[in-house]
Amino acid sequence: METKITYHVEDKILWDCSGFDDVLIIPDNVVGIGDGSFQNLTIKKLVLGKNLKHIGDRAFEGCWKLTEIVWNDKIKGIGWGAFKGCWNLKKLCFPQTVESVFDNAFAGCKYLKTVEFPRKLKYLGTGAFADSSVDVVTIPASVSFVGNDVFRDYPKTNFIIEFTNQANKCRTKDWGVDWWGLSMIHKPNISYLRIKGDFLLHEFDDSEIIGYRGNGGVLEFPDKIRRIAPRAFKKNKNITRIVFNNSLMQIGEAAFSSCVALESVVFNKGAWKIGINAFSNCPNLKEVIFNEAPSYDMGEIKSYAFESFSNFV
């Protein structure tokens with residue numbers, strides 16, 4: 001005789017149920033799952049009802065046998081620690097309706113290798129996938145906030161970041177980010193960044209460039225830019241010519257290192273401080289032009305900033 005499943009639903013929020021075995025099917029009249037409702041169950045498969053929109057905090061925490069989630073096309077939010085410790089999950093393909101994955105939502109899912117985010121994702125909470133085994137993940141351009149330590153304790157995770165021209169605000173501290181297509185190398189003291197056209201700017205100082213997402217070619221800097229962060233353009237493969245603005249004061253360490261297509265650099269007036277190896281390993285660099293030399297010794301700058309290059313004008 002088949003066991004009848006009994007659901008405890010209040011105001012369309014599911015709090016408990018009984019009579020199920022390995023598969024838990026959420027009924028269609030439920031729009032939310034209550035906080036902590038199904039912790040430490042031994043279910044292997046979860047099927048979301050067609051009208052479910054939100055999964056509460058710690059709802060399925062510790063369901064370590066769970067291997068499969070069948071999503072619906074209305075789910076929007078996944079609560080704090082909702083699937084924390086569900087370590088047999090190996091792949092997550094979120095439906096396009098998901099907008100928020102809150103803090104620690106899938107933390108401790110140690111066998112999780114693949115995560116595919118929806119194009120409408122807006123919020124990715126702190127430690128959301130901490131202690132997982134995700135190798136590569138794409139953060140879509142729709143994201144407006146990314147918390148600290150999203151993939152904490154798995155240093156091999158690489159990130160593909162898609163940005164729009166909007167002034168997105170993304171936490172970058174402690175990500176261990178490999179910025180694909182941006183030429184930005186992680187700076188531990190930067191917690192936020194802003195996007196302005198092709199440039200990534202420090203959140204608290206919009207006169208400092210910390211990264212680049214443009215197509216290269218001839219690079220000219222806006223007048224307000226005074227500093228270029230260390231490694232901001234490192235390993236860019238498309239920049240061929242750089243013309244610095246008059247107000248530039250400082251170029252960080254290895255800022256343009258390994259820009260293999262770079263052929264020409266033009267300095268205009270300004271009190272420049274150029275970091276070590278700022279233009280090292282630029283094999284196609286043919287000319288460096290100083291239209292107005294600064295007051296301090298250029299010989300020392302040339303020796304440590306431009307490596308073995310000698311064709312200064």
Side-chain angles (χ1 to χ4, degrees), residues 139 145-146 148-150 158-262 265-282 285 288 294 296 300-302 304-307:
I139 309 297
F145 182 88
V146 179
N148 283 343
D149 304 323
V150 177
N158 292 318
F159 297 83
I160 297 175
I161 315 294
E162 299 177 353
F163 283 115
T164 64
N165 286 325
Q166 301 172 3
N168 292 351
K169 206 185 266 191
C170 295
R171 296 196 66 131
T172 60
K173 187 178 180 182
D174 299 327
W175 275 27
V177 173
D178 177 9
W179 292 92
W180 174 83
L182 294 181
S183 304
M184 175 186 169
I185 305 300
H186 172 56
K187 285 187 66 180
N189 61 324
I190 293 176
S191 296
Y192 294 88
L193 61 86
R194 289 192 291 181
I195 294 95
K196 180 72 173 179
D198 290 337
F199 299 107
L200 308 182
L201 308 179
H202 193 293
E203 167 64 13
F204 303 114
D205 183 1
D206 63 3
S207 69
E208 180 178 3
I209 291 177
I210 63 173
Y212 178 67
R213 66 188 193 103
N215 295 321
V218 178
L219 189 61
E220 297 183 1
F221 293 95
D223 289 339
K224 69 177 182 180
I225 297 302
R226 297 168 65 85
R227 285 174 293 279
I228 298 172
R231 300 173 294 279
F233 296 82
K234 185 176 180 179
K235 295 184 179 181
N236 185 283
K237 298 179 181 179
N238 301 311
I239 297 173
T240 58
R241 179 178 170 85
I242 300 171
V243 180
F244 290 113
N245 57 330
N246 292 333
S247 57
L248 182 70
M249 296 182 63
Q250 182 175 343
I251 299 174
E253 177 182 338
F256 297 91
S257 176
S258 301
C259 288
V260 294
L262 183 61
V265 177
V266 179
F267 289 89
N268 290 302
K269 67 178 181 179
W272 312 304
K273 180 180 179 181
I274 305 176
I276 189 170
N277 293 323
F279 295 89
S280 65
N281 194 29
C282 297
L285 187 60
V288 177
Y296 48 81
E300 183 179 356
I301 291 177
K302 292 174 182 178
Y304 67 69
F306 291 89
E307 208 172 42

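In this chain, residues are counted from 1 in sequence order.
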(message) Looking at every non-hydrogen atom in both residues, tell me the closest pair between Ala305 and Gly275 and how far apart they are.
(response) CB-O, 3.7 Å
(request) Let me see the working for Phe221 and Leu248 under side-chain contact (heavy atoms from CB on, under 4.5 Å), right down to the final yes or no. (result) CA-CA 9 Å; Phe221 293 95; Leu248 182 70; over 6 Å; no
(message) Closer than 3.5 angstrom, by distance alone: can the side chain of Asp223 be matched with the main-chain N or O of Ser247 as a donor-acceptor pair?
(response) no
(message) Once rounded to the nearest 0.5 Å, what's the spacing between atom SG of Cys259 and atom NZ of Lys234?
(response) 10.5 Å
(message) Please check this pair: side chain of Asn238 against backbone of Gly217, looking for a donor-acceptor N/O pair closer than 3.5 Å.
(response) no
(request) Report the distance from atom CZ of Arg231 to atom CD of Glu253, rounding to the nearest 0.5 Å. (result) 6.0 Å
(message) How long is the straight-line distance from CZ of Phe267 back to CD1 of Ile242, given to the nearest 0.5 Å?
(response) 8.0 Å
(message) I'd like to know if the side chain of Asn277 and the backbone of Ser280 have a donor-acceptor N/O pair within less than 3.5 Å.
(response) no
(request) Report the distance from atom CZ of Phe279 to atom CZ of Phe256, rounding to the nearest 0.5 Å. (result) 5.0 Å
(message) How close do Ile251 and Ala278 get, counting heavy atoms only, and between which atoms?
(response) CG2-CB, 4.1 Å
(message) Show the nearest heavy-atom pair for residues Asn245 and Ile225, with the distance to one decimal.
(response) ND2-O, 2.8 Å
(message) Main chain of Ser258, side chain of Asn281: is a donor-acceptor contact present, judged purely on distance under 3.5 Å?
(response) no
(request) Considering non-hydrogen atoms only, spot the tightest contact between Val266 and Arg241 and give its length. (result) CG2-NH2, 3.5 Å
(request) Please step through side-chain contact (heavy atoms from CB on, under 4.5 Å) for the pair Phe233 and Leu262, ending with a clear verdict. (result) CA-CA 11 Å; Phe233 296 82; Leu262 183 61; over 6 Å; no
(request) Output yes when a side-chain donor or acceptor of Ser257 lies under 3.5 Å from a complementary backbone atom of Ala254, and no otherwise. (result) no
(request) Please lay out, stage by stage, how Val265 and Leu285 fare under the test side-chain contact (heavy atoms from CB on, under 4.5 Å). (result) CA-CA 8 Å; Val265 177; Leu285 187 60; 3.9 Å; yes
(message) Check this for me: Arg227, atom CZ, are more than 12 non-hydrogen atoms of other residues, nucleotides or ligands nearer than 6.0 Å?
(response) yes
